[in-house]
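Accompanying notes for the structure given below.
Within every chain, numbering begins at 1; the chains are lettered A, B, ... in the order of the sequence lines, protein sequences first and strands thereafter. Scope of the values below: all heavy atoms of this structure, side chains included, with no hydrogens, waters or symmetry mates.
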Protein chains: 2
Amino acid sequence: MNYREKKVMTIGIVCELTGLSERQIRYYEERKLIFPERTNGKTRKYSFTDIERLVEVAEKIEDGWRTHEIREKERKVTEQQRSDLIRGQLNAAFGLYKKR
Amino acid sequence: MNYREKKVMTIGIVCELTGLSERQIRYYEERKLIFPERTNGKTRKYSFTDIERLVEVAEKIEDGWRTHEIREKERKVTEQQRSDLIRGQLNAAFGLYKKR
DNA sequence: CGTGTAAGGAATTCTGACACG
DNA sequence: CGTGTAAGGAATTCTGACACG
């Protein structure tokens, strides 16, 4: 695993790096926009990719997005990407979808 | 600055990642083999390069090195590299040191 | 809805010291 | 010398709740 994805930071450091409050960071987790790991003692652990993610989420909220909108939008994009991928695979295997 | 060099981890996580005890990690700092940063509240913060460094130090100690030997050895190597660098620069500029 | 805050407790980390070999 | 450990305190984090708009 890459360093970027290792969950190693406590929330205090994440606050420093992102400029967000603990409250905000925990709230975005509650709204399923971010998924830290936990130590045995319940302390949250974040990765650098989580940092990037948090900044992205915070920006969208500043732009007026709701948390559930962010979540739904991303879910749909992922779904679309999956179907694109499958279509591509079928095409490569059988040439079912021809360009014209 | 690269993620590898950001001082973001508390000692507990460093213990997990390196397999070393808190005692060992703090001792290597006392012996000037590693240099964590601090939060306002005195808590130590380590980077991924610190992790790599700690593993390297621990291996040398297992091989029978003393902490001051490790420090001195590295100091000398660095010194040598610096003088090599300067010689190279002089050579490039004036061709003082000719091969033959 | 998204965020601030005070509250009380639990987990984490810190330092200085004693111990061993 | 390098490391373990018990001790007591300080800093950090956690949860659930009340508040505002």
Side-chain angles (χ1 to χ4, degrees), chain A residues 6-48 50-76, chain B residues 6-48 50-76:
Chain A
K6 284 235 178 202
K7 308 268 189 176
V8 296
M9 290 174 264
T10 54
I11 200 164
I13 292 164
V14 177
C15 290
E16 273 183 44
L17 296 181
T18 61
L20 302 175
S21 67
E22 295 186 13
R23 185 67 167 99
Q24 288 174 300
I25 296 169
R26 294 199 191 104
Y27 182 67
Y28 300 159
E29 175 184 1
E30 187 185 322
R31 300 314 309 271
K32 309 233 183 276
L33 289 171
I34 187 166
F35 307 92
E37 290 180 357
R38 299 272 186 149
T39 65
N40 300 331
K42 303 283 196 179
T43 303
R44 273 167 265 246
K45 296 186 295 185
Y46 302 85
S47 66
F48 282 109
D50 289 333
I51 303 276
E52 295 170 3
R53 169 66 169 159
L54 281 167
V55 170
E56 182 190 319
V57 167
E59 280 170 358
K60 289 202 174 174
I61 286 179
E62 268 195 272
D63 291 347
W65 292 67
R66 300 287 184 77
T67 53
H68 73 270
E69 290 172 338
I70 299 174
R71 195 170 356 100
E72 273 312 289
K73 179 74 175 355
E74 287 168 353
R75 193 185 58 69
K76 281 175 188 161
Chain B
K6 284 234 176 203
K7 309 267 189 179
V8 296
M9 290 175 266
T10 54
I11 200 165
I13 291 164
V14 177
C15 290
E16 274 183 44
L17 295 181
T18 61
L20 303 175
S21 69
E22 295 186 13
R23 186 68 167 96
Q24 288 173 300
I25 296 169
R26 293 197 192 104
Y27 182 67
Y28 300 157
E29 176 183 1
E30 187 184 323
R31 301 314 310 272
K32 310 232 183 275
L33 290 171
I34 186 164
F35 306 92
E37 291 180 355
R38 300 272 186 149
T39 65
N40 299 331
K42 303 284 195 177
T43 304
R44 272 166 266 247
K45 296 186 296 185
Y46 303 85
S47 66
F48 281 109
D50 289 333
I51 302 276
E52 294 170 3
R53 170 64 168 159
L54 280 167
V55 170
E56 182 191 318
V57 167
E59 280 170 359
K60 290 202 173 172
I61 286 180
E62 267 196 272
D63 292 347
W65 292 66
R66 301 287 184 78
T67 53
H68 73 270
E69 290 171 337
I70 299 174
R71 196 171 354 102
E72 274 312 290
K73 178 74 175 356
E74 288 168 353
R75 194 185 58 67
K76 282 175 187 160

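Atom CG of B:N40 and atom P of D:dT13 are 12 Å apart (whole Å). Rounded to whole Å, atom P of D:dA10 lies 16 Å from atom CZ of B:R38. Here the C1' atom of nucleotide C:dT12 and the CD1 atom of B:I13 are 11 Å apart, to the nearest Å. Atoms CG (A:L20) and C1' (C:dT3) sit 11 Å apart, rounded to a whole Å.
B:E30 has no carboxylate O lying under 4.0 Å from a charged side-chain N of B:R26, or vice versa, which leaves the two without a salt bridge. A salt bridge links A:R38 with A:E29; the closest basic N to acidic carboxylate O contact falls under 4.0 Å.
Closest to the B:I61 side chain, of the nucleotides D:dT15, C:dC14, D:dG2, is D:dG2. Side-chain atoms of A:R44 lie closest to D:dT15 of the nucleotides D:dT3, C:dT13, D:dT15. Looking at the side chain of B:I11, the nearest of the listed nucleotides C:dC14, D:dG2, D:dC14 is C:dC14.
Base pairing of D:dG16 is not made with any nucleotide, judged by Watson-Crick or G-U wobble geometry with both donor-acceptor distances under 3.5 Å.
At a threshold of 4.0 angstrom between heavy atoms, the contacts of B:R31 are confined to the sugar-phosphate backbone, with no base atom among them.
Both A:R23 and A:G12 sit near DNA chain D, but only A:G12 has its closest nucleotide nearer the 5' end.
Distances shorter than 4.0 Å separate none of the side-chain N or O atoms of B:T43 from OP1 or OP2 on C:dT12.
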